[in-house]
Protein chains: 2
Amino acid sequence: MNTIQGSPTPIEKMLAGRLGALAHPARLRILQHLSGHPACCCKEVVECLDLAQSTVSQHLKILVDAGLVIYRPERPRSVYQVDRAALAGLSTSLAGLIEACCAGEPQSCKDKNSGN
Amino acid sequence: MNTIQGSPTPIEKMLAGRLGALAHPARLRILQHLSGHPACCCKEVVECLDLAQSTVSQHLKILVDAGLVIYRPERPRSVYQVDRAALAGLSTSLAGLIEACCAGEPQSCKDKNSGN
DNA sequence: CGTATTCATCGTTCATCGCCGATAAACGAT
DNA sequence: ATCGTTTATCGGCGATGAACGATGAATACG
């Protein structure tokens, strides 16, 4: 009946989007690098990645748009930092999904409809 | 120094691959549906998703290839189930990465070279 | 045998990704 | 005023992804 089956919920889209932002070796690497420094500029990331500066800038933008990295366009150089809260939140969301999957209860199927 | 900056490690690629498999609303939905049933056939998933059967079959294949779903081509209908162990492993890997990021220690930058 | 069901695969179309070089904007320094 | 540095964005290109319909294989039922 209510096999809702309609368009994806905003929550699904959001989660998929963040996972997508994470789903690239260069971006994982960027996150790791960022995590090792209080603040990084773009050039610094470029130097640890051997990709073109424009490419790195785009990867950074993807992470920022996904809400995983904090960005401040300060003047001599921009500032990028890991958004630890967002990352923790993502981890929690994913853990919740996975826990539901591992529990294997039919409820987990209906839960996705309630939020819609 | 150790700004290794070379090609991505296999681990990074693997993690990125699995995250990529997860990074689609339809596939998240499939995983949730699968988690609510001991075993599903393709048609059943199709009915809860309103995508074409061929499309669903491909999404399923992506999840299987990523090692997140177990597949047995039994005869009347195929059997798909969540690979709970793999999912748990992914959760652990990601949690580790995120924890490293949230700790914010420079070590986390070197960790990526060692083993994990 | 013929039909219906289920499913994987193929071929196609269209959109998006990933990468690059080039360029322009915003400074600091000379 | 003119460099040099840093960075974001643009345009383009090849590759990949996502979706579909059509097709064929395998099986169950008449």
Side-chain angles (χ1 to χ4, degrees), chain A residues 3 5-8 12-31 33-34 37 39-66 68-81, chain B residues 3 5-8 12-31 33-34 37 39-66 68-81:
Chain A
T3 47
Q5 130 205 53
S7 30
E12 283 168 339
K13 275 193 222 173
M14 192 272 271
L15 191 48
R18 295 201 159 178
L19 289 171
L22 234 43
H24 192 287
R27 292 195 290 267
L28 286 175
R29 187 72 70 91
I30 289 175
L31 236 29
H33 182 84
L34 254 45
H37 303 265
C40 278
C41 65
C42 178
K43 179 183 194 314
E44 196 173 1
V45 179
V46 169
E47 278 162 2
C48 92
L49 262 183
D50 94 351
L51 287 171
Q53 177 267 327
S54 55
T55 305
V56 172
S57 185
Q58 298 203 101
H59 281 307
L60 249 2
K61 181 172 169 47
I62 289 170
L63 289 169
V64 170
D65 288 347
L68 300 176
V69 163
I70 300 170
Y71 166 58
R72 258 177 309 142
E74 293 195 356
R75 259 305 109 214
R77 44 206 103 207
S78 301
V79 176
Y80 291 93
Q81 331 176 239
Chain B
T3 47
Q5 132 201 53
S7 30
E12 283 168 340
K13 275 192 220 170
M14 192 274 273
L15 190 49
R18 295 202 159 177
L19 289 171
L22 234 45
H24 193 287
R27 294 197 287 268
L28 285 175
R29 186 73 68 90
I30 289 175
L31 234 30
H33 182 83
L34 254 45
H37 303 264
C40 278
C41 65
C42 178
K43 181 185 192 317
E44 197 173 1
V45 179
V46 169
E47 279 162 1
C48 92
L49 262 183
D50 95 348
L51 287 172
Q53 177 267 326
S54 56
T55 305
V56 172
S57 186
Q58 297 204 102
H59 280 307
L60 249 1
K61 182 171 167 46
I62 288 170
L63 289 169
V64 170
D65 288 346
L68 300 176
V69 163
I70 300 170
Y71 166 57
R72 259 177 307 142
E74 293 196 356
R75 257 306 110 212
R77 44 205 104 208
S78 301
V79 175
Y80 291 93
Q81 331 176 240

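Chain naming here is simple, since letters A, B, ... match the order of the sequence lines and numbering starts at 1 in each.
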When you check the phosphate oxygens OP1 and OP2 of C:dC7, does a side-chain N or O of B:His59 lie under 4.0 Å from one of them?
no
Between A:Gly20 and B:Lys43, which is nearer to the 5' end of DNA chain C once each is assigned its nearest nucleotide?
B:Lys43
Distance in angstrom units between B:His24 NE2 and C:dT16 P, rounded:
12 Å
Distance, rounded to the nearest Å, where A:Tyr71 contributes OH and D:dT6 contributes C1'
11 Å
With nearest nucleotide decided by heavy atoms, which residue, B:Glu74 or A:Val56, maps closer to the 5′ end of DNA chain C?
B:Glu74
Return the value, rounded to whole Å, for the distance between atom CG of A:Leu60 and atom P of C:dG18.
14 Å
Need to verify one output field. Residue with the more 5' nearest nucleotide on DNA chain D, A:Gln58 or A:Pro76?
A:Pro76
Assess the residue pair B:Glu44 and B:His37 against the criterion (side chain to side chain contact (heavy atoms under 4.5 Å, CB included)); give the C-alpha distance rounded to whole Å, side-chain angles, the decisive distance to 0.1 Å, and a yes or no.
CA-CA 10 Å; B:Glu44 197 173 1; B:His37 303 264; 3.9 Å; yes
Among the nucleotides D:dC20, D:dT9, C:dC7, whichever has the atom closest to the side chain of A:Ser57 is D:dT9
Whole angstroms only, please: what is the OH-P distance between B:Tyr80 and C:dC7?
8 Å
By the 4.0 Å heavy-atom rule, please label B:Thr55 as base, sugar-phosphate, or nothing.
base
Looking at D:dC20, C:dC7, D:dA18, which one has an atom nearest to any side-chain atom of B:Arg77?
C:dC7
To the nearest Å, give me how far apart CG (A:Asp65) and P (C:dC17) are.
11 Å
Atom-to-atom span, NZ of B:Lys61 to P of C:dT6 - whole angstrom
22 Å
When the distance from CD1 of A:Ile30 to P of D:dT7 is rounded to whole Å, what number comes out?
13 Å
Between A:Arg27 and C:dG18, does any side-chain N or O lie under 4.0 Å from OP1 or OP2?
yes
Parallel, tilted or perpendicular: which one describes the rings of A:Tyr71 and A:Tyr80, with boundaries at 30° and 60°?
parallel
Under 4.5 Å between any side-chain heavy atoms of A:Leu31 and A:Val69, yes or no?
yes
Walk me through whether A:Arg72 and A:Ser78 qualify under side chain to side chain contact (heavy atoms under 4.5 Å, CB included).
CA-CA 6 Å; A:Arg72 258 177 309 142; A:Ser78 301; over 6 Å; no
Within the pair A:Ser54 and C:dA22, is there a side-chain N or O less than 4.0 Å away from OP1 or OP2?
no
For atom CG of B:Leu51 and atom P of C:dC7, their distance in whole Å
15 Å
Would you mind telling me which of C:dA8, C:dC20, D:dT7 lies closest to the side-chain atoms of B:Ser78?
C:dA8
Is there side-chain contact between B:Leu51 and B:His59, with at least one heavy-atom pair below 4.5 Å?
yes
